[in-house]
Visitor: 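One structure, pasted below without further comment.
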2 protein chains.
Amino acid sequence: MSKAKDKNKEEQILNAAKTIFQSKGMSGARMQEIADKAGINKAMLHYYYRSKQLLFEAVFKNAFSLLAPQLNAILNDDSSIEEKIKNFTSNYITFIIKHPYLPNFIIQELNRNPEFILKLKEDKGFPNLDKFKIQVDEDVKKGFIKPISAEQLFINILALNIFPFVAKPLIMAFTNTDDKNYKELMEDRKTEVANFIINSIKST
Amino acid sequence: MSKAKDKNKEEQILNAAKTIFQSKGMSGARMQEIADKAGINKAMLHYYYRSKQLLFEAVFKNAFSLLAPQLNAILNDDSSIEEKIKNFTSNYITFIIKHPYLPNFIIQELNRNPEFILKLKEDKGFPNLDKFKIQVDEDVKKGFIKPISAEQLFINILALNIFPFVAKPLIMAFTNTDDKNYKELMEDRKTEVANFIINSIKST
DNA sequence: ACATTTGTTAACCAATTGGTTAAACTATAT
DNA sequence: ATATAGTTTAACCAATTGGTTAACAAATGT
């Protein structure tokens with residue numbers, strides 16, 4: 001119960017569940033531990049969310065709904081590619097520093113349960129590349145940027161932004177950095193990554 | 001029991017355990033399932049590897065020992081930065097296509113158990129940035145490449161190479177690709193990624 | 001005031017799980 | 001042949017786990 005005031009019990013449970021599920025995963029999480037964290041009886045979990053599976057799905061959808069808008073920003077707004085990359089990189093890294101477990105959680109559980117994404121794709125707000133693709137193709141044709149497919153560019157943007165958080169323990173070990181140091185590295189990336197991408201694709 | 005001939009029972013078990021642990025993680029894996037996959041009695045698992053934890057550690061170290069040499073190649077050999085990036089990208093993606101669960105497995109369990117990496121760091125072969133750092137700093141000073149820290153460059157290289165495999169289900173959904181299509185995307189990346197990085201850092 | 005719905009709890013339960021045991025089987029040495 | 005050490009199995013066990021129940025308390029409506 002980190003936050004003192006959760007509006008209602010339902011949200012209180014969801015917050016506790018979020019913490020536990022995100023750090024231990026679906027199979028590693030224990031209902032009793034979630035109940036303890038929420039400061040309630042275990043039976044209450046089942047009263048509000050019928051089963052572990054449903055509680056998990058609530059947490060997962062909630063987590064995903066935080067990420068999706070961030071992606072839509074880069075995919076569907078009307079700014080230039082360069083602006084998009086700059087804004088996204090800065091915004092996204094800021095966002096993830098606040099929710100460090102999020103990307104790893106989503107990636108992990110999606111790998112464990114690939115059919116799960118089908119449900120998400122039905123949602124209207126699910127990120128879609130169509131518009132971004134048109135923009136990239138056009139910019140390539142006009143010679144604004146070097147030839148690259150929208151898909152590969154999109155993958156690169158995601159990779160450079162998300163990976164350092166997903167692989168944090170690994171990278172910390174390789175680069176011999178402590179937590180404070182690592183945070184500085186990530187802060188630098190808010191501008192570094194955008195420059196890195198733009199340098200790579202802009203026409204000379 | 002995919003492979004017909006495992007030299008000895010120990011390896012037979014390890015292979016089965018690898019498959020199960022890598023797809024379900026430590027907490028999701030069941031000893032019974034590993035035994036079934038290995039075609040042996042569950043008690044045999046405990047006979048050869050005392051506990052689930054020890055069996056898991058054997059699998060994990062084995063997996064990590066496959067990855068480490070790949071990284072050392074880029075960090076410690078004597079070729080130019082440009083060559084290193086080209087070789088690593090091509091080799092690494094080829095390697096991962098053969099072991100698709102590997103990076104996700106390592107990242108996942110390391111996040112779950114960050115102290116675990118301390119044991120690995122003790123090993124002599126653990127990847128180390130020192131030499132790479134000198135090389136990058138020198139190339140920057142000589143003006144061969146644009147200013148960038150070795151750490152950030154290294155993170156970018158890892159990110160661009162590893163992330164697409166870790167986040168496969170997510171990216172497949174966003175880009176609306178099927179498995180065959182996705183494999184083509186990854187094949188393209190064997191050269192695309194190297195070009196992307198080199199374009200970004202080489203001096204104009 | 002009383003009944004009914006909603007929220008909460010402790011005790012319980014069946015299934016699963018990692019791990020053990022003791023007996024049996026197999027090979028090797030003597 | 002017989003003892004010995006290593007290998008394999010089925011049955012078993014205690015602990016854990018997700019989930020249920022039945023009784024109780026607190027609101028809410030009438």
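Predicted model, so just to flag it, every value in this text is computed and none were measured. As a basis for the values below, the full set of heavy atoms in this structure was taken, side chains included, without hydrogen atoms, waters or symmetry mates. To find a chain, count down the sequence lines: A is the first, B the second, and so on, and within it residues start at 1.
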Visitor: According to the ring pair (Phe, Tyr, Trp, His ring centres under 6.0 Å) rule, which pairs have a member within residues 16-54 of chain B, sequence neighbours left out?
Guide: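 Output for this query lists Phe21(B)-Phe56(B).
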Visitor: Measure the distance from CG on Asn8(B) to C1' on dG6(D) and round it to the nearest whole Å.
Guide: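 So the two atoms are 14 Å apart, to the nearest Å.
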Visitor: Who pairs with Lys61(B) by side-chain hydrogen bond (donor to acceptor under 3.5 Å, both in side chains), at least two apart in sequence or on another chain?
Guide: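 Lys61(B) satisfies side-chain hydrogen bond (donor to acceptor under 3.5 Å, both in side chains) with no residue once adjacent residues are dropped.
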Visitor: Listed by chain and number, what are the ring-ring contact (aromatic ring centres under 6.0 Å, His included) partners of Phe64(B), not counting sequence neighbours?
Guide: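 Result, ring-ring contact (aromatic ring centres under 6.0 Å, His included) vs Phe64(B): Phe126(B).
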Visitor: What residue pairs, at least two apart or across chains, pass ring pair (Phe, Tyr, Trp, His ring centres under 6.0 Å) with a residue in residues 65-100 of chain B?
Guide: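 As it turns out, the ring pair (Phe, Tyr, Trp, His ring centres under 6.0 Å) pairs with a partner in residues 65-100 of chain B, which skip direct neighbours, are Phe88(B)-Tyr92(B), Phe95(B)-His99(B).
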Visitor: Take the protein atom OH of Tyr49(B) and the nucleotide atom P of dG19(C), then report the distance between them rounded to whole Å.
Guide: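 Going from Tyr49(B) (OH) to dG19(C) (P), I get 15 Å.
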Visitor: Counting primed atoms plus P, OP1 and OP2 as sugar-phosphate and everything else as base, spell out the protein contacts along nucleotides 4-18 of chain C at 4.0 Å heavy-atom distance: B, S or - for each nucleotide, 5' to 3'.
Guide: --SBBBB------SB
Visitor: Name all residues meeting the side-chain hydrogen bond (donor to acceptor under 3.5 Å, both in side chains) criterion together with Lys190(B); count only those two or more places apart in sequence or in a different chain, and write none if there are none.
Guide: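 Lys190(B): side-chain hydrogen bond (donor to acceptor under 3.5 Å, both in side chains) contacts with Thr94(B), Glu187(B).
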Visitor: Could you give the CZ-to-C1' distance, from Phe56(A) to dG19(D), as a whole number of Å?
Guide: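 For the pair Phe56(A) CZ and dG19(D) C1', the rounded distance is 19 Å.
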